[in-house]
Structure formats: C-alpha cells, structure tokens
Amino acid sequence: MQAASFLEKEDPLQRAHRLAKRRVALLFYESSTRTRTSFELAAKGLGADTTLVSALSSSIEKGESLKDTGLTLRALGAECIILRHPNSGAPYLLDRVTHLPVLNAGDGMHAHPSQALLDLRTILHRLRPEHTNAEIDESTLAGVTVLITGDILHSRVARSNAELLPRLGARVILCGPKALLPECASEIGPGIAIERNFAHAMRGAQVVMMLRIQKERLAGLELNLNDYIAHYQLNAERLAENAPRALVMHPGPMIRGMEITSEVADGPQSVIEEQVRHGVAVRTALIARALDAMPELVSA
Amino acid sequence: MSSNDVNRIWIKGGHLIDPATKTDGPRDLLIENGRIAAVDTKLNANPGDVQVIDATGLVVTPGLVDIHVHLREPGQSYKETIASGTAAAAAGGFTSVAAMPNTIPVNDSAEITRWMQAPERDARARVYPIGAATVGSMGATLTNYEALRDSGAVAVSDDGKPILGDETMRAVLSAAAAAGLPVIQHAEDTRLTGGCSMNAGPLAFRLGLRGMPVEAEAGIVARDIALLRELDDDRAHLHVAHLSTKKALDHVRAARHSGLHVTCEVTPHHFVLTEEAVDEYDAHAKMNPPLRTVEDRDAMIEGLLDGTIDCIATDHAPHAAHEKEQEFERAPNGITGLETSLGLSLAVLHRRHGMSLLQILALLSARPAALLGLAAGTLAVGATADVVLLAPETEWAFRASESRSRSRNTPFDGWSLPGKVRLTMREARIVHREDPSIRQP
Ligand SMILES: [Zn+2]
C-alpha cells in the first residue's frame with residue numbers, strides 16, 4: 001500500500017525509468033475492460049513494453065495449451081505475465097511451467113487479488129486515511145464490517161476480499177440466497193459470517209459491496225430474478241434506511257437496475273469510480289514488486 | 001535346468017507370510033515346474049539339482065493381486081501398454097492385475113478380452129480382463145456376459161462411468177449373477193458431479209472449484225445395495241470400486257451385516273492423502289473419486305482395520321505429461337499406483353496403525369484374489385509359483401522418473417517408503433529383480 005502511494009505520487013518520468021524497456025505480457029483468456037486497461041496503464045507508467053495476447057486473436061484459438069503459450073511468451077522476452085483465465089488455479093500452472101512471475105488478474109471463481117487490494121486501498125482512504133501512507137497490520141481495520149452481497153458462489157472478487165480483509169481485522173459478512181451462497185462459504189477462513197437478510201446485514205456495515213448478477217449463471221439454479229431484485233437489490237430506500245453512512249462499492253462491471261440502482265451507483269455514498277482509480281496505483285506496485293523495481297521506502 | 005528336465009527352485013531361509021494359509025514364519029519353498037511343490041521349515045534338496053535363491057532376511061510372500069488397473073491398451077499406448085503397465089506391476093510386487101475395460105475401443109467383447117491376454121502383449125503380470133457391463137460402456141445395452149466370461153473376463157464394470165439407470169443396473173446385476181461374474185460399480189451419481197474436479201466442501205469453495213458431494217458416491221452405493229436386496233439372488237455379487245467416503249462405507253458395512261454379498265476396495269491414495277493435496281491445483285492430486293476429508297480418510301483406515309474393506313486396489317490410471325500439465329479443471333482424473341501401493345500400505349497401515357504384515361499382505365493378495373475367484377494369491381502346495389521377495393523394513397525413495405510405467409502422473413514422487421521388492425516371480429519366472437546376480441532359473 002505504501003509503495004502504491006509512493007509510485008502514484010512519483011514523478012511520471014522518473015517512474016517510467018523503473019521498468020524501461022522491460023517486457024510485460026498481458027495474457028487474457030477472458031474479455032475485460034477495467035482490469036486489463038488498468039494493468040496495461042500501470043505497466044506502461046513504469047516504462048515497460050506491454051504485449052497483449054487475448055484468447056480470440058491468437059494461437060490459443062487453435063488449441064495451444066496454456067503451457068505452450070506461456071513458454072512462447074517467455075521465449076519472446078516476457079519477464080512477467082499478467083494472466084486472466086476462466087479456470088481456477090491457472091496462474092499456479094503458468095508459474096510452474098514458466099518460472100516467471102505471474103500476476104493473477106482473475107482466475108475462474110478462485111481469486112482476483114489485485115481487485116481485493118484496490119478495494120482495500122479504497123476502504124483505507126475513506127475509513128482509515130491515516131493508514132494509506134503507513135504500514136498496515138492485523139488490527140488496521142478492527143471495528144470495520146464489510147458486507148459483500150450477491151453472487152458469492154461464482155465471485156473471485158468475493159473470495160479474495162473475504163481472504164484479505166479479515167487479515168487486517170475487518171469482519172466480512174456475506175449475503176445472498178442459498179443458491180448463490182452455500183453455507184460452507186463462511187468456513188473458508190476466519191472472520192467471515194453469513195447473513196441472509198440483506199437489511200439486517202446492512203445495519204452495522206461500514207462498507208456495502210455489491211456483486212454483479214450474471215443472468216447466464218442463474219440458469220439451472222433455483223432462483224427467480226424478480227425475487228432476487230426484491231430481496232437483494234441495493235436501492236436508495238434500502239440504503240437510506242439501513243446504512244445511510246456506509247460506503248457503496250462495486251468491482252464492476254455493474255448491471256444497473258439489477259443488483260444496484262443508478263441512484264445508488266451514482267449517489268453520494270458510492271466510491272465505485274474511486275475504486276477504479278486505486279486500481280492503477282495498486283497494480284503499479286504489484287508489477288514493480290514482481291520485477292524487483294520497488295521503491296525503497298522509509299519505514300514509519 | 002536340472003538333469004531330468006524338471007525346473008526346480010529352492011527359495012531358502014526366508015520368512016514366509018502366506019495369508020491364505022495363515023502361515024507366518026520361517027519356511028523354505030520348493031518350486032517345481034512353475035508350481036509350489038513343498039513348503040517346509042527344513043527342505044532337503046540336492047543343490048546340484050536345483051537353483052537356490054537365498055531369501056535370508058527377506059519376507060517371502062505370494063505375488064500381489066491388484067483388481068483395479070487401467071492398462072490403456074488397446075487404444076492409448078502413449079499413456080501405457082499392457083507390457084509397460086505390467087512391468088510397473090512386477091516392480092511393485094504384483095503378478096496379477098485385473099484390467100478395466102475403458103480402453104479404446106471399450107473392452108465389451110470376447111475378441112478384445114482375448115486380445116488383451118494374448119502372449120504378444122508381452123505382459124509381465126497375468127492380466128485378467130474385466131469386461132464392459134454395457135456395450136461401449138454407454139449404459140444402455142448389456143454385453144454378452146457368458147461370452148466375456150468364457151474368453152477370460154473375471155467381472156463386468158463400466159468403470160470410469162457408473163452404471164446409472166436403475167433398470168440397467170437391475171438387469172446387469174441379474175445377468176452377471178447368472179453368469180457367475182461380480183459387478184464392479186464406479187459409484188458416482190454423475191447428475192451431481194457435472195463440471196466437478198474435487199471433493200465438495202469449504203476447500204473446494206475457497207479454491208473456486210466445483211465439488212463432488214459425498215452423496216454422489218453414497219447415493220449410488222445405497223441404490224445398488226437396494227437393487228441387490230430386491231434381486232434376492234444368492235449368486236449376485238456387487239463390488240464397489242475405489243470407495244472413498246465414510247458414508248458409502250457405512251452403507252457397505254450395514255449391507256454386509258444383513259448378509260448381502262457386497263464387497264469393496266480402497267485405493268492407497270484414499271487412505272493416505274486428503275483433499276488438502278489439491279491446495280495448489282496440482283493435477284497429480286486430481287482423481288475420481290476425489291481425495292476427501294481427513295474424516296473420510298480415517299474412515300478408510302478404520303474400514304481396512306476392521307475388515308469391512310475387502311482389499312486394496314490401486315486404480316492405476318496413467319496419463320501423459322501433457323494431459324496432466326493442464327488447468328486443474330481440464331486435466332484428466334487419475335494417478336499411477338502400482339509401484340507405490342505396497343510401500344504406502346506398509347507406511348500407513350503397518351507403521352502408523354500397527355496392522356500386521358500378514359493382514360496387509362492379505363489385503364494385497366489373498367483377499368482380492370478370492371474376491372474375483374482368481375487362481376492366485378497363495379503359496380500353498382500346488383499353487384502357481386507367483387512369489388515376491390520383500391525387504392519389509394528397507395526404506396527407499398520412489399522416483400517417478402524411474403517408473404516402469406509409461407506415465408509419471410503420481411503425487412508420490414520423491415516419497416520415502418518402507419518395503420523394497422527385491423524379486424518378483426510369476427509362474428516361476430523372474431519378472432522383476434533388484435539384484436542382477438540372481439539369474440533366471
Ligand atoms: Zn472408477
């Protein structure tokens with residue numbers, strides 16, 4: 001977090017020297033706007049040359065394996081691969097076969113670590129401003145309750161946040177219907193609880209994080225969309241009644257009118273755009289760390 | 001070769017453990033013309049007339065029997081051949097293996113069953129084919145069980161897939177009973193396991209992998225037991241392959257108490273490993289049934305200790321490196337197991353849980369042989385001379401790179417295991433030896 005702040009404030013010309021002429025590959029098996037652009041801007045900001053390889057315009061389409069694609073990128077001089085992949089755990093495989101630093105830009109339903117880190121930075125900025133430039137520890141977020149609502153089952157963002165935030169002392173409440181939130185979700189780590197009633201869950205939360213509801217993923221689940229909206233949509237009345245001071249977050253892409261209304265997404269409690277801004281800073285630090293180009297920080 | 005053209009071998013000074021005859025003590029073994037001719041504390045043979053193999057300090061035990069292997073031939077010789085798979089078997093102490101029918105094409109005919117046993121396959125262990133229960137293992141039309149049996153098949157199974165439909169399973173149990181063949185069921189309700197690649201539970205949830213619930217196995221086992229009871233035919237025999245859950249084991253235990261002929265096997269990986277092995281998405285920890293929880297793993301050990309589990313079987317399932325080196329969800333299921341089965345069994349069941357060598361070797365020879373009615377798994381006088389010489393306390397490191405299997409997909413690479421197989425003899429012929437100075441008689 002400190003490195004992210006340092007690099008964010010650093011003179012752009014100086015920053016661009018850190019990875020000048022070094023090669024960073026973005027390997028994207030899924031389409032993505034904000035994560036890809038954000039990583040790309042971060043890498044370019046550090047002066048790196050970036051190559052984008054996406055599934056639809058490459059040998060991947062012809063059936064090339066992840067291993068061979070990774071080895072090809074390495075042979076072409078890539079020193080770090082940023083991977084977005086539909087299969088959980090794919091970064092572990094890429095790391096094993098290429099021995100290059102691999103940054104996980106989202107793998108299946110498993111993890112989206114850079115998203116969780118930018119969410120953390122957003123929360124720190126708003127709720128713990130004194131910590132954004134200082135060290136953080138297991139009690140930095142003590143007393144903070146983060147509510148994550150929606151399709152937890154399919155969400156790598158939910159898993160990464162549920163893993164990260166309790167380590168800093170936050171309590172994470174997961175909310176959603178059984179079809180999208182199995183009971184065992186609370187057992188994946190400490191500091192995680194389930195509350196099915198959205199209004200109850202909102203009371204006492206300082207952060208309300210909403211997740212996208214993907215219609216295609218609901219096929220086959222016992223879940224009615226209108227029911228979902230009736231019980232779990234974040235609208236202005238619900239927010240005013242239960243959490244009038246909470247931060248409203250969303251990792252995007254949002255489906256307005258589904259999990260969240262436009263009034264709330266664009267309203268005064270929303271920090272959704274801010275999340276995107278923090279993304280570049282966090283990813284700049286991640287890339288710098290992966291390539292050993294971190295600033296020397298004076299410890300507080 | 002002796003002067004009077006009788007091939008005689010004297011295995012001298014060893015400690016014989018033959019579970020079938022409950023022998024556990026110092027015995028010499030005399031082999032004549034491929035069969036056990038004498039077992040005694042003191043044999044007198046004229047050394048000029050016989051080849052002597054010194055077994056001092058070694059355990060002499062029947063060649064092991066594995067009733068669940070995938071030899072991949074015909075059709076997938078890039079993964080394994082009958083020759084390479086049985087070479088791995090011999091190195092692991094096995095002289096008899098029962099080969100599952102999920103080859104390409106599926107072994108659903110007398111013709112393929114005979115092909116698999118033909119001398120041209122160059123098998124080091126005896127291969128007992130298991131015929132497909134349904135044509136192409138498609139779960140619809142029954143194969144010809146009499147024809148399969150008469151060409152050497154020892155059971156029917158659609159392993160890799162369950163026999164899912166109630167009507168089909170009812171017909172399979174009935175026809176197999178009439179033919180005198182056991183039905184080996186791969187118990188998985190595939191309606192509950194679509195897209196799944198590990199055990200269901202908190203770990204699968206955290207890893208973002210779809211999980212196979214315990215009920216998918218237990219439900220089919222319960223259904224099969226109900227069908228067996230309903231069939232009410234004393235000849236019917238249901239065998240549950242690679243049992244992995246406490247719940248399914250409880251069903252088997254209850255069925256046995258009620259007198260039904262239900263048997264089951266467990267693989268070494270299901271009594272050694274747990275789902276935690278999946279943690280970093282290593283495809284060598286991916287198999288079906290999946291590795292389960294500690295509770296299930298411990299239930300498997302308990303079932304072995306109390307006798308509910310009839311035998312240990314490897315589910316030896318070779319896959320090429322490029323197949324396993326894929327995204328976890330895309331990688332095929334299964335691991336090799338023939339060279340590690342005995343060592344893992346000794347490490348866990350003997351060293352950690354105090355099971356006697358006799359009991360463990362029974363699970364690896366006499367009991368699986370009896371289960372399928374094979375003429376194997378004993379060193380009684382008159383039996384086929386399938387013999388293993390074993391140094392039970394010798395520690396050795398298993399190296400996948402040195403495996404005789406054509407594939408290297410094992411999670412046990414580099415493991416230190418007790419119990420080194422010094423020599424394996426099938427029908428009095430040496431099929432594996434550590435010490436090259438022991439010459440072929
Ligand atoms: Zn199977």
Side-chain angles (χ1 to χ4, degrees), chain A residues 27 29-30 55 60 63-71 83 85-98 102 104 106-113 151-164 166 174 180-190 192 194 217 220, chain B residues 78 190-216 274-287 290-296 319-333 400 408-409 411 413-414:
Chain A
L27 179 52
Y29 285 74
E30 290 179 333
I60 296 161
E64 188 175 60
S65 68
L66 177 59
K67 174 179 175 173
D68 286 325
T69 304
L71 293 177
L83 177 69
H85 199 285
N87 287 122
S88 299
Y92 287 85
L93 175 65
L94 191 61
D95 172 274
R96 274 198 292 269
V97 297
T98 65
V102 174
N104 185 359
D107 63 325
M109 310 191 295
H110 170 233
H112 197 348
D151 185 0
I152 311 284
L153 176 63
H154 299 104
S155 175
R156 50 192 172 215
V157 176
R159 283 178 181 77
S160 281
N161 271 303
E163 200 180 330
L164 175 67
L174 303 174
L180 299 178
L181 174 56
E183 284 299 331
C184 69
S186 63
E187 294 169 48
I188 65 174
I192 306 167
I194 289 177
R217 288 201 150 150
Chain B
Y78 70 97
T190 46
R191 292 163 298 198
L192 303 177
T193 57
C196 296
S197 51
M198 69 172 291
N199 183 44
L203 183 63
F205 189 86
R206 178 166 73 72
L207 294 174
L209 295 170
R210 290 172 205 276
M212 306 188 192
V214 161
E215 290 71 28
T274 68
E275 59 178 5
E276 295 294 332
V278 180
D279 198 49
E280 294 200 335
Y281 302 89
D282 182 354
H284 290 147
K286 182 178 177 185
M287 53 281 281
L291 298 172
R292 306 280 187 182
T293 60
V294 173
E295 194 193 4
D296 286 316
H319 291 293
H322 72 269
E323 296 172 308
K324 277 294 195 182
E325 264 186 344
Q326 293 191 80
E327 295 84 338
F328 192 84
E329 290 167 291
R330 298 173 70 169
N333 288 306
R408 305 283 138 95
N409 51 308
D413 187 23

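Reminder, nothing fancy here: chain letters follow the sequence lines and each chain counts from 1. As a basis for the values below, the full set of heavy atoms in this structure was taken, side chains included, without hydrogen atoms, waters or symmetry mates.
Between B/G208 and A/M109 the shortest heavy-atom distance is O-CE, 3.3 Å.
Here NZ of B/K324 is found 7.0 Å from NZ of B/K286. Values are rounded to the nearest 0.5 Å. Expressed to the nearest 0.5 Å, how far CG of A/D107 lies from OG of A/S160 amounts to 8.0 Å.
A side-chain contact (heavy atoms from CB on, under 4.5 Å) with A/L66 holds for exactly one of A/N87, A/V97, A/L83, A/L71; it is A/L83.
A distance-only check finds a donor-acceptor pair linking the side chain of B/N409 to the backbone of B/H319 [under 3.5 Å].
Both the backbone and the side chain of B/E280 come within contact range of chain A, judged by heavy atoms closer than 4.5 Å. Of the atoms belonging to A/R156, not a single heavy atom falls under 4.5 Å from chain B. Proximity to chain B is absent for every atom of A/L94, based on heavy atoms less than 4.5 angstrom apart.
Per-residue counts of heavy-atom pairs under 4.5 Å with chain B were compared for A/S65, A/G108, A/A185, A/A90; the largest is that of A/A185. Counting heavy-atom pairs closer than 4.5 Å to chain A, the top-ranked of the candidates B/R330, B/Q326, B/R206 is B/R206. Between chain A and the residues B/E325, B/H322, B/R210, the most heavy-atom pairs under 4.5 angstrom are made by B/E325.
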